[in-house]
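Please read the structure below before turning to the comments.
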Amino acid sequence: MERIRNFSIIAHVDHGKSTLADRLLEYTGAVSRRELKEQMLDTLEIERERGITIKLQAVRMEHKGYLLHLIDTPGHVDFSYEVSRALAACEGAILLVDATQGIEAQTVANFWKAVEQDLVIIPVINKIDLPAADPERVRKQIEEILGLDGDDVILASAKEGIGIEEILNAIIERIPPPKGDPKAPLKALIFDSYYDPYRGAVAFVRVFDGEVKPGTKIKLFSTGKEFEVTEVGAQTPKMTKFEKLSAGEVGYIAASIKDVRDIRVGDTITDAKRPADSPVPGFRPAKPMVFAGLYPSEGYTFEELRDALEKYAINDAAIYYEPETSPALGMGFRVGFLGLLHMEIVQERLEREYGVGLITTAPSVVYRVRFKNGTVKEIKNPSELPENWGLIEAIEEPFVNVTIITPKEYVGSIMNLCQEKRGIQKGFKYLDPNTVMLEYEMPLSEILLDFHDKIKSLSRGYASYDYEFIGYKEEDLVRLNVFINNEPVDALSFIVHRDKAYRRARQLVEKLKDTIPRQLFEVKVQAGIGNKIIASERIPPLRANVTAKCYGGDVTRKKKLLEKQKEGKKRLKQFGKVELPQEAFLSVLKVD
Ligand code: GTP
């Protein structure tokens, strides 16, 4: 164990994590990730078509007689729980900062996650080859913002191969070897999983105590389910079989497990015959934060959508789904996601890899209704909010703590934006003379509404942000109902703060007027609280000689893909006599 080192690379998006990982692999003689991907593309075409994703989650390499395990961490706020579990598998982390950008929101968020796990942190300033690099400014930030010693910083260029040997040496010298008892009962932390058609669901683990080998009867702590191990090994970076994995090591375990849901990230694997007393602390089941309705678009069936979702879910333990019926859209599913990016990934893969056309309703957070009789109901779909307000004590919505890092010239407009979005300011700090860090408490629902686009456009792309869930808070919320030709369209309803109801209702009907194609008859679009109409628009009929249909909105990339697959089938939903395009269902997101 003295000669093992387990580490991650943590960084803001685009600061060079993958490039550095490649260099480390090249330097230590393993094949590079990109080479490997290319090789696999050539040889495993069919498997890829069947949905194997090539994931390099934990690569083993050797340097100066030491075994180094590099554990990958996902790079997006949706997956922050997964990041914390990956870090829990390590003793150290390389904190990578772009020499031209300096510290950004995710650098800080990931730094604190690493500190929580007591990791040794090796600060590295990357991209020093660029003319705009200012390593001394970044070194100061690292000292002042993160409280690390500036003398420990390594200057590097992952692209040019500068500083790579120094980083490898620092990993060996500064990061302590893992502790653990190879003779104690097995205790292995799952930090990732994937589905492999040959091996079944595969768990990536860090073994803390004991050992595991083919034939071992393992047990999952959270469920008590048992399986017999068929194979253990590590990515070198190819999947390579070993005789066993022991305390301190990182690798994979396969045990003919049919469903990735049986090996959840954060859970602990132990020996069924000789179980450990307690699991690795910190497990929690994946908690979907954002829900949307997924329905088959015109030309696809509910059964096709169900099959696609079932197949997809084999590989994604974080997704949640249950059938629902919408008066407007028919039979479909209410699907829970970790966040908006996760939702986009799922939508795209369902359409591209599983060939099903989708209508997606606007994503919504999970609201909590407290009733006067003491019961509490979680609302995953705005249409579930009871109309009978007499029964309701209060409605609560999820809040997040947002950290924003921005050049100082954009501070004013970003503060305005946060205020508009019902943010409560919690912090304001100069990180250096040009950079400010802001902290706000904000409803998660406001982040779903174009926060990302707004902040990027206000700051010309220079501001970055990160957020974490802090809890539920009571707010004055109402449901806006939408009516088309006097019929309520449940799939368009949404929950909004009372103060914003009028503005959003107005913007929504205007948006719908633009997105709903003109019909041969007049269409009336209205929004109201309960049955009380507060905004209304009319879409005039087409004149009889106009036959071309005119669909509003952009032709999205997804739409193009879809059209390639199934010629002539449109992402439309017939509603009564009115055709609603996909854009109409997302109009809710386009209002502020
Ligand atoms: P995500 O995968 O999006 O999280 O990004 P990442 O952090 O893995 O960054 P990646 O390695 O993909 O690098 C982002 C960009 O920066 C790429 O265009 C790289 O070629 C470039 N890059 C990475 N390291 C260096 C460097 O040392 N110098 C220069 N000039 N460019 C670099």
Side-chain angles (χ1 to χ4, degrees), residues 7-28 30-38 53-59 61 70-87 90 93-111 113-114 121-139 141-142 153-168 170 191-192 194 235 237 338-342 344-345 348 405 452 456 461-467:
F7 70 104
S8 286
I9 306 174
I10 52 180
H12 192 79
V13 175
D14 277 346
H15 284 202
K17 192 170 65 143
S18 316
T19 313
L20 177 62
D22 258 5
R23 279 287 170 272
L24 297 178
L25 283 170
E26 259 170 34
Y27 198 93
T28 55
V31 207
S32 86
R33 289 148 67 100
R34 273 158 222 191
E35 270 169 37
L36 185 79
K37 274 190 191 165
E38 278 159 24
T53 39
I54 301 159
K55 253 184 158 178
L56 286 179
Q57 268 321 122
V59 197
M61 44 194 146
L70 165 56
I71 297 169
D72 196 16
T73 53
H76 191 274
V77 53
D78 284 4
F79 305 102
S80 67
Y81 172 69
E82 282 72 8
V83 175
S84 82
R85 295 300 82 198
L87 295 179
C90 302
I94 295 172
L95 179 88
L96 196 66
V97 188
D98 185 322
T100 66
Q101 305 291 320
I103 285 181
E104 296 193 61
Q106 271 176 288
T107 320
V108 179
N110 287 330
F111 169 76
K113 287 200 184 83
I121 292 167
I122 303 173
V124 175
I125 300 179
N126 188 33
K127 308 199 188 181
I128 56 161
D129 60 292
L130 289 174
D134 188 353
E136 288 318 306
R137 169 183 164 240
V138 180
R139 190 196 298 268
Q141 287 187 333
I142 289 174
V153 169
I154 299 172
L155 299 182
S157 163
K159 192 168 169 205
E160 306 287 331
I162 302 167
I164 305 304
E165 161 109 44
E166 213 184 323
I167 292 172
L168 286 165
F191 59 83
D192 198 16
Y194 82 107
Q235 295 179 309
L338 297 173
L340 284 186
L341 178 79
H342 185 216
E344 269 172 40
I345 294 171
E348 182 148 339
I405 295 183
H452 181 83
K456 290 290 169 192
Y462 285 114
S464 61
Y465 69 95
D466 199 278
Y467 56 86

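In listed order, ligands and their atoms are each counted from 1.
- Less than 4.0 angstrom separates some heavy atom of Leu130 from each of these atoms of ligand 1: 30 (N).
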Exercise. Could you please spell out the steps behind the side chain to side chain contact (heavy atoms under 4.5 Å, CB included) verdict for Glu82 and Leu338?
Key: CA-CA 11 Å; Glu82 282 72 8; Leu338 297 173; 4.1 Å; yes

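- Taking a cut-off of under 4.0 Å to the non-hydrogen atoms of Ser157, the atoms of ligand 1 that pass are 26 (C), 27 (O), 28 (N).
- The ligand atoms of ligand 1 that sit less than 4.0 angstrom from a heavy atom of His15 are 7 (O).
- Side-chain N/O atoms of His15 and Gln106 include no donor and acceptor closer than 3.5 Å.
- Within the set His12, Glu160, Lys159, the minimum heavy-atom distance to atom 29 (C) of ligand 1 is found for Lys159.
- The side-chain hydrogen bond (donor to acceptor under 3.5 Å, both in side chains) test with Ser157 is passed by exactly one of Thr19, Asp129, Asn126: Asp129.
- Nearest-heavy-atom check against atom 3 (O) of ligand 1 across Val13, Asn126, Ile10, Ile9 picks out Val13.
- The existence of a salt bridge linking Asp192 and Arg85 is excluded, since no basic side-chain nitrogen approaches an acidic carboxylate oxygen closer than 4.0 Å.
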Exercise. Apply side chain to side chain contact (heavy atoms under 4.5 Å, CB included) to the pair Asp14 and Asp98, showing each step before the final yes or no.
Key: CA-CA 8 Å; Asp14 277 346; Asp98 185 322; over 6 Å; no

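- Side-chain contact check for His12 versus Asp466: every heavy-atom pair is 4.5 Å or farther apart.
- Heavy atoms from both the backbone and the side chain of Lys127 come within less than 4.0 Å of ligand 1.
- Of the heavy atoms in Asp129, only side-chain atoms (C-beta onward) come closer than 4.0 Å to ligand 1.
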